[in-house]
Asker: 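First the structure, then my questions, so here it is.
Here, residue 1 is the first one in the sequence, and each next residue gets the next number.
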Amino acid sequence: MDPECSRLLPALCAVLTDPRQLVADDTCLEKLLDWFKTVMETESSLHLLQDHPCLMELLSHVLKPQDMSPRVLSFALRLVGIFAGQEDCFQYLQQGELLLGLFGETGALSWASWNVPSVRSGWIQGLCSLAHHPSALHFLADSGAVDTIFSLQGDPSLFVASAASQLLVHILALAMQGGASGSPISEAAAWPVCAQKIVNHMEESLHSKATPQVTQALNVLTTTFGRCHSPWTGVLWGRLSPPVACLFERDPIPAVHSLMDLLLSVARSPVLNVAACGLWEMLAQTLSRLSPAQAGPLALGTLKLQHCPQELRTQAFGVLLQPLACILKATTQAPGPPGLLDGSAGSLLTVDALLSSKSACVGLLCQTLAHLEELQMLPQCPCPWPQMPLLRATVTILRLCDGSADPSSSVGGRLCGTLGGCVRVQRAALDFLGTLSQGMSPLELVLEVFAALLKTLESPESSPTVLKKAFQATLRWLQNSHKTPNCSDLSPDALLFLGELFPILQKRLCSPCWEVRDSALEFLTHLIRHWGGQADFREALHSSEVPTLARQLLQDPESYVRASAVGAAGQLSSRGLQAAPTSPENRQAQQGLLMDLMHILSTDSEGFPRRAVLRVFTEWLRDGHADVIRDTEWFVATVLQAVSRDLDWEVRMQGLELAHVFLIQAMGQPSLHCPYTVGLPEATSPSPHPEFLQTLCRLPLFEFAFCALLDCDRPVAQKACDLLLFLRDKTAPCSGPQEAGDSPNSDSVEAVLQRWRDGELGQPLGDLEPEAMLAILRSLDLEGLQGKLAKSSDHVEKSPQSLLQDMLATVGILEENEADCY
């Protein structure tokens, strides 16, 4: 231990044992525990106790719990466990009966503070740290601690109950591994006492008629098979699988969710012969016994398993598909499409579940759609995938929700009434519909999808969240419908769909609900980014009022909408779609947009629109927008002047990114994505032209980056440091030895640097000559600054000495100011 820490430790221990002292908060105590753990990784805990008697006094003081606050008591219990985790220190502490007094059955349970959950949690964590060697196993078996852990499984605090179950798994694993150094034990007759006790308790709990006891045993078993992958787990399952199987004979089946988790955990075990232990049959039996809502998660988990028999996979997939099959049968006169459902087993149960109540119907459909959406994205996705039936069922669900379905049975009529206007089901169906766009679908069905999407987008009953999901699904179907290799153009059917969509989009851009306006603008931005260069798309867009409306929303009262309008207007301008190409005011409109965005950057009171403007401007500069290249120097200077005064750190970050793009372009650096540079020989980086250096001095770029090195927001300072490093490296050829007559005024350079070191850069740097700028770059230790900025903000005061000093200082402050403001 550090000598300074050794000097401070007695005072801190005295504070912790003094009930009159107000001890620091839980965070400091957690850091203190972490420090002790670190110390004991390299030092003997026994020697630590012997060399620091104050620690032994602190640990012994726990036997007087009435003199300690629950916070310090919990800390001390955990600290005892950390020390006792080393076997020699454990035996030393056991001689004085300290461990029995703290962790025995007559110890902590009799304390008044035992009613505090944090004390019970500290007791469990202390035992967990202690249980790391064979001596601990004997202590646990003889002290009655295991029985206390059993009782804590039912603790009213969920955190304590969960920790108790985790501790049982930890003790069982330690015992079954034969202690710290023994080999795995596979014979049941040779199980240690602790292991026998835990397994017997689980077996009794599985036979219990009380569901909480069954749940506790199942949870311990699930964690055991998830964590422990040794041969003894096969012996454990062989012993406990019969009482687990008996749970299926009860009506109703108890602890269904915990039971499903256990079966899947056992099936995923790499050391069990799943086929030999009859688990596949147990899974199949469970799937057939559970209700449709209960069976869904188990079916999905079964389909994710490796080496699952095909027959079981078929059964599990059928369980997932059953609700959608019932939807199709309830809304069509013809039999269900082939391939969706083989046979009718379970269909009556599913219909009953769909019709039992609105909440049950909505819950089952949402769960089914979510599970199928997840399954389609997995490598274990069943093949063949029933794309057509699933697509029809999803479109039918949307029609049931909007009231346009034509039910062919009484069941269908009841579903219409149940699902009408249900936002939850609409959202789930639209999510799954978007995922289905990745599969191949016939044109007839694609047109049905487009019609359903138009209906949803047009309906005045559609909520803002439903409209957002509908826009997202529409974009995915436009991207994936009838796509051909090496061609991203919209298909003729998609263009016809857009012709009907743009009038709806116009209406949504005028919606009184700001969320709808925002979603419509985001959708428009994506459309332009993907197809803004396609002639047919441009013609369809120009025939609508969408560009004009998007421009008008730059003045929207809601900042989120203004930000989205900035992105949409920027895309429109980049593609030359801001006004009709034949309009004589086209150029004027483009220039007007630039000034509008400059105005937003300088005056908007909210950060979101200003950030959006910087993103658009950076993209314009990178892509060579006409308004930018007309006078790039004025553009960059105007933007950086506004950004340097902005209080939003993300705006300043984006301003530095724009400055970086400008430097790359001005220095003639090739774009990383330029296809024409492939195969060309690499040229040495040319030195910057003197005219460029003069331009750089005229712009506020260097001053902005230089001042940003001291920005109070660390990401901005890091970005500025990276930018100046880039500039210094690229201007290095110009920074060689200077002629006597060309050297900058060293006094002025030193004055600038001194002001920078003192943090006094509120005033401008003034007019700098290129030589002075290069001299400043050479004088700055940018690499050292970069290293400092990469460290966390508390790296200076993160030492153990600082922690101990802070805790003692806090106590002193509280003593002097008992009447605290809190």
Side-chain angles (χ1 to χ4, degrees), residues 85 124-125 127-134 136-137 140 146 149 153 162-203 205-206 215-245 247 255 257-283 286 297-298 300-309 312-313 316 378-380:
I124 291 173
Q125 293 177 65
L127 267 184
C128 190
S129 300
L130 178 151
H132 279 91
H133 43 75
L137 288 174
L140 290 168
V146 174
I149 302 171
Q153 282 187 284
S162 175
S165 295
Q166 303 285 333
L167 178 56
L168 286 176
V169 175
H170 176 77
I171 296 171
L172 180 61
L174 177 65
M176 295 301 286
Q177 289 294 345
S181 57
S183 57
I185 302 169
S186 57
E187 294 297 326
W191 287 359
V193 176
C194 263
Q196 286 279 18
K197 199 166 190 176
I198 293 172
V199 174
N200 289 340
H201 176 76
M202 285 193 290
E203 191 168 18
S205 298
L206 290 172
T215 304
Q216 292 164 15
L218 292 173
N219 290 344
V220 171
L221 281 174
T222 300
T223 306
T224 301
F225 287 106
R227 285 186 186 175
C228 307
H229 300 145
S230 299
W232 62 265
T233 55
V235 181
L236 179 67
W237 179 246
R239 174 169 172 177
L240 294 183
S241 57
V244 170
L247 295 176
H257 294 293
S258 298
L259 186 56
M260 292 189 297
D261 290 340
L262 172 61
L263 295 180
L264 292 175
S265 181
V266 173
R268 286 189 289 263
S269 174
V271 296
L272 289 182
N273 186 341
V274 179
C277 66
L279 187 68
W280 300 134
E281 292 78 5
M282 196 177 292
L283 280 169
T286 309
L298 181 61
L300 179 63
T302 302
L303 289 166
K304 291 180 181 179
L305 294 174
Q306 295 181 346
H307 315 300
C308 180
L312 182 58
R313 288 178 60 83
L378 296 175
Q380 299 93 336

Asker: Please report the closest heavy-atom contact between Thr286 and Leu263, naming both atoms and the distance.
Answerer: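 Between these two residues, the closest heavy atoms are OG1-CD1, 3.5 Å.
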
Asker: Do His132 and His170 make a side-chain contact, defined as non-hydrogen atoms from C-beta onward lying under 4.5 Å apart?
Answerer: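 Side chain of His132 against side chain of His170, heavy atoms only: contact under 4.5 Å found.
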
Asker: Looking at His229, I'd like to know if its NE2 atom is crowded, meaning that more than 12 non-hydrogen atoms belonging to other residues, nucleotides or ligands lie closer than 6.0 Å.
Answerer: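 Yes, enclosed.
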
Asker: Would you check if Met176 and Ile198 make a side-chain contact, meaning some heavy-atom pair closer than 4.5 Å?
Answerer: no

Asker: Mind checking the CG-SG spacing from Leu174 to Cys194? Nearest 0.5 Å is all I need.
Answerer: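 The distance works out to 8.5 Å.
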
Asker: Measuring from atom CG of Leu140 to atom CG of Leu167, what distance do you get when rounded to the nearest 0.5 angstrom?
Answerer: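 So the gap between those two atoms works out to 7.5 Å.
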
Asker: I need the minimum non-hydrogen distance between Thr233 and Phe225, along with the two atoms involved.
Answerer: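 Nearest heavy atoms, Thr233 then Phe225: O-CE2, 3.3 Å.
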
Asker: With a 4.5 Å heavy-atom cut-off, do Leu303 and Gln380 have their side chains touching?
Answerer: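 Answer no - side chains too far apart.
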
Asker: Go through Leu279 and Leu272 one step at a time and tell me if the side-chain contact (heavy atoms from CB on, under 4.5 Å) criterion holds.
Answerer: CA-CA 10 Å; Leu279 187 68; Leu272 289 182; over 6 Å; no

Asker: Hey, could you give me the CG/OG1 distance between Leu262 and Thr215, rounded to the nearest 0.5 Å?
Answerer: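 Reported to 0.5 Å precision, the distance equals 11.5 Å.
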
Asker: Using modelled atom types only, decide if a donor and an acceptor are shared between the side chain of Ser269 and the backbone of Val266 within a distance under 3.5 Å.
Answerer: no

Asker: Do any N or O atoms from the side chain of Ser265 and from the backbone of Asp261 form a donor-acceptor pair under 3.5 angstrom?
Answerer: no

Asker: Would you mind reporting whether Gln153 and Leu168 have side-chain heavy atoms less than 4.5 Å apart?
Answerer: yes

Asker: Using side-chain hydrogen bond (donor to acceptor under 3.5 Å, both in side chains) as the criterion, point out the one residue from Ser258, Ser165, Ser162 that pairs with Asn219.
Answerer: Ser258

Asker: Starting at SG of Cys128, measure out to CD1 of Ile149 and round the result to the nearest 0.5 Å.
Answerer: 9.0 Å

Asker: So, do Glu203 and Leu240 sit near enough that their side-chain heavy atoms are less than 4.5 Å apart?
Answerer: yes

Asker: Does a side-chain heavy-atom distance below 4.5 Å link Leu247 with Leu218?
Answerer: yes

Asker: If you compare all heavy atoms of Met282 against all heavy atoms of Ser241, which two are closest, and at what distance to 0.1 Å?
Answerer: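 In terms of heavy atoms, the two residues are closest at CE-O, 4.3 Å.
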
Asker: Does the side chain of Trp280 come within less than 4.5 Å of Leu305's, by heavy atoms?
Answerer: yes

Asker: Considering all heavy atoms of both residues, which atom of Pro192 and which atom of Ala175 are nearest to each other, and what is their separation?
Answerer: CG-O, 3.3 Å

Asker: Roughly how far, to the nearest 0.5 Å, is CG of Leu172 from CH2 of Trp232?
Answerer: 4.0 Å

Asker: Rounded to the nearest 0.5 Å, what separates atom CD in Gln166 from atom OG1 in Thr224?
Answerer: 9.5 Å

